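Here the structure is a predicted model, which means the values were calculated and not measured. Counting starts at 1 for both ligands and their atoms, in listed order.
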Amino acid sequence: MTGAEYIAEFLRRRGSTNIFLITGGACAFIVDAIGRNPGMKYTCFQHEQAAAMAADSLWRTNKIVGATVVTSGPGATNLITGIACSFFDSIPTFHITGQVNQNEELNYKGAKVRQAGFQETNIVEMVKPITKYAVKVSDSKNLKHEICKAYSIAISGRMGPVLVDIPMDVQQADVGEYSEAGFKAVETSTTVKPTNLVATINEFFSSGERPLVLFGAGVGLAGAEKETESWLIDRKIPFVSSWNGMTYFNHETSNYCGNIGVYGNRGANFLIQNCDRLLVLGSRLDNRQRSGNASSFAKSARVLVIDIDDEELKKYQNNSNYEPGLHFDLSKLNPILVDITTPFQSDSWVKYWKETKEKYFGKIPSTIPEKYGTISPLEAVRKINSFIPRNSIVVADDGANLCWVFQSFFRTEQTIYTAGGNSPMGYAFPASIGAAIYNPGRRVFAFTGDGSMQMNIQDLQTMKFNDLDIKLIILNNFGYGIIKQFQDLYFNGRHHATGEGYSQPDFGKLVDGYGIEYHKVENIKDLTADLFSAKGPAVIDIFLHPDTMIEPKLEMGRSIEDQFPYLSDEEFNSAMKFGFNARLEVLRDKSAPEV
Ligand SMILES: Cc1ncc(C[n+]2csc(CCOP(=O)(O)OP(=O)(O)O)c2C)c(N)n1
Ligand SMILES: [Mg+2]
């Protein structure tokens, strides 16, 4: 078989049977081999960025490694934003780039020129910082080994994207019979043994009385989500989650108290700031969780972090309230959960976390829409949440619209996700295309903003041509809402490049041009179940007031319990019953004379 045929067959055997691609001269042999392989299909995207984001979706929805095939030069560089999404969120993806024939390439004649072959680009060096492995296969004898190796790396340990760059001559070369020598999951070597883990956790909780668990995406990526959820329910331990963790358990669970962070739930943030023992399972505690003022996070607690990546654990070395982190692979957690002693909880803590949940969980402040009588995006998301099946797939984008979805969506069995770490405008729609292609039996709902909608708008054609069952919902505030809110705070309300200078087309006419159904919703009563009941592609454009804000939201410098809109001192102080009261500190700072 040829190198190109080998790639097609290898991916078929891994279950990556629909390849997301845009063809070109340098990858045409691979595309042709995919087309000829009876077990394979392909989907033509309109932009490689969209193909990479769609591929990123597949592990999140199906635990399948999404694969792209693109051409050299611009095809390859267009993948970069999508690859970064997978890298930061530890999602395995497999990217194949065609490369120019080696007899035309850069160093062939020994000259250090910028480019020799047409569309020649050194994609491998470009993507090294955002892939787990990137390699160019220069010798066809190494092709099988490199494909197997790259794939193994993608799905092992802390997972992530890989890229294999394949010159046209290698694609055409005879590589012999099909074989998978070298394909095996690479054993992750983590330093903490299961018995030590149990002992450390037991010791950690033994001296506290206000325990809390943070459920991170790492639990789900390790496949430990079901047992962890059951363990938390059985042991009645209150828990909160990161945004990427939210898709892995049922939010009806009585001891789930909300998602945390800068745009997180107020009550969940209060729990973080009032607990005395915080166990962090598979979350890297980035700034959207801990805030820019990271040292104020969980200030009244000892914090114990478990992570598969020991580099992540080094981040906490200088925080005195953190225990030495545990370098452990959570895929080994299930059998040892039973050995962890149920942490003691004082009566006052149990009363506190139940009351805090009651007060703030699922409560949706939306002051601007109330003031103007316009649609509250939180209410719109809640309504849509109630219309759609429990096994739906829900993808959120970036900016304010992302915050609104994650603040108000109540997950039972749905898969809900976003590109949490990279958060590019325009992620949700192509990601939903990937999800819809691999899940014909599930309904797919993508939320986006008017600005983000314009970043991958070209792939309306992919949705239409493939007749995908996607409802693309625009939370349309006629501008870059999240940045406007930032400008209101820091630039005296000057809306440069967000309201001023920003423009949008008539989405109705545009969507119509693609032959796709379009609904405009200007009043919440017109947001009805029938808009979502019929299968097939549609765009639902929900008009919001341009000043609609993200609420609650943390302002810079504050710690996560003190979000805008600000609570009265009375409510705030009573919510900070056990914790260090940072608001008093901020006030003290402000009243201090300037130096
Ligand atoms: C590719 C990319 N460019 C720029 C940004 C910075 N950015 C974050 S949110 C945002 C505005 C998004 O506008 P819209 O989709 O309308 O979202 P809204 O905040 O209004 O809901 C911008 C420019 C980004 N995240 N990604
Ligand atoms: Mg907007």
Determine, for Arg60 against Asp89, whether the closest basic-nitrogen to carboxylate-oxygen distance falls under 4.0 angstrom.
yes
Side-chain donor-acceptor pair under 3.5 Å between Thr412 and Gln414, yes or no?
yes
Are there any protein N/O/S atoms under 2.8 Å from the Mg ion (ligand 2), and if so, which?
Asp450 OD1, Asn477 OD1, Gly479 O
Is it true that Asn259 and Gln407 share a donor-acceptor pair across their side chains at a distance under 3.5 Å?
no
For a distance cut-off of 3.5 Å, show me each N or O of ligand 1 paired with any protein N or O, plus the separation.
| residue | atom | partner | partner atom | Å |
| --- | --- | --- | --- | --- |
| ligand 1 | 15 (O) | Gly451 | N | 3.4 |
| ligand 1 | 15 (O) | Ser452 | N | 2.7 |
| ligand 1 | 15 (O) | Ser452 | OG | 2.6 |
| ligand 1 | 16 (O) | Asp450 | N | 3.4 |
| ligand 1 | 16 (O) | Asp450 | OD1 | 3.2 |
| ligand 1 | 16 (O) | Gly451 | N | 2.8 |
| ligand 1 | 16 (O) | Gly479 | O | 3.0 |
| ligand 1 | 17 (O) | Asn401 | ND2 | 3.0 |
| ligand 1 | 19 (O) | Ala400 | N | 2.8 |
| ligand 1 | 19 (O) | Gly481 | N | 3.3 |
| ligand 1 | 19 (O) | Ile482 | N | 3.0 |
| ligand 1 | 20 (O) | Asn477 | OD1 | 3.0 |
| ligand 1 | 20 (O) | Asn477 | ND2 | 2.9 |
| ligand 1 | 20 (O) | Gly479 | O | 2.8 |
| ligand 1 | 20 (O) | Gly481 | N | 2.7 |
| ligand 1 | 21 (O) | Ala400 | N | 3.4 |
| ligand 1 | 21 (O) | Asn401 | N | 2.9 |
| ligand 1 | 21 (O) | Asn401 | ND2 | 2.9 |
| ligand 1 | 25 (N) | Asp398 | OD2 | 3.4 |
| ligand 1 | 25 (N) | Ser423 | O | 3.1 |
| ligand 1 | 26 (N) | Met425 | N | 3.1 |

Listed partners of Lys359 passing salt bridge (charged side-chain N to carboxylate O under 4.0 Å, His left out), at least two apart:
Glu571
Here the side chain to side chain donor-acceptor pair (under 3.5 Å) pairs for residues 458-469, sequence neighbours left out, are Gln46-Thr462, Arg443-Asp469, Asn456-Gln458, Asp459-Thr462
Would Glu48 and Thr68 count as having a side-chain donor-acceptor pair, cut-off 3.5 Å?
no
Using atom types as modelled and distance alone, determine if a side-chain donor or acceptor of Ser241 lies under 3.5 Å from a backbone N or O of Phe215.
no
Using the rule side-chain contact (heavy atoms from CB on, under 4.5 Å), only one of Asp450, Ile474, Leu475 pairs with Asn401; which is it?
Leu475
Think Lys363 forms a cation-pi with Tyr360, using NZ or CZ under 6.0 Å from the six-ring centre and within 45 degrees of its axis?
no
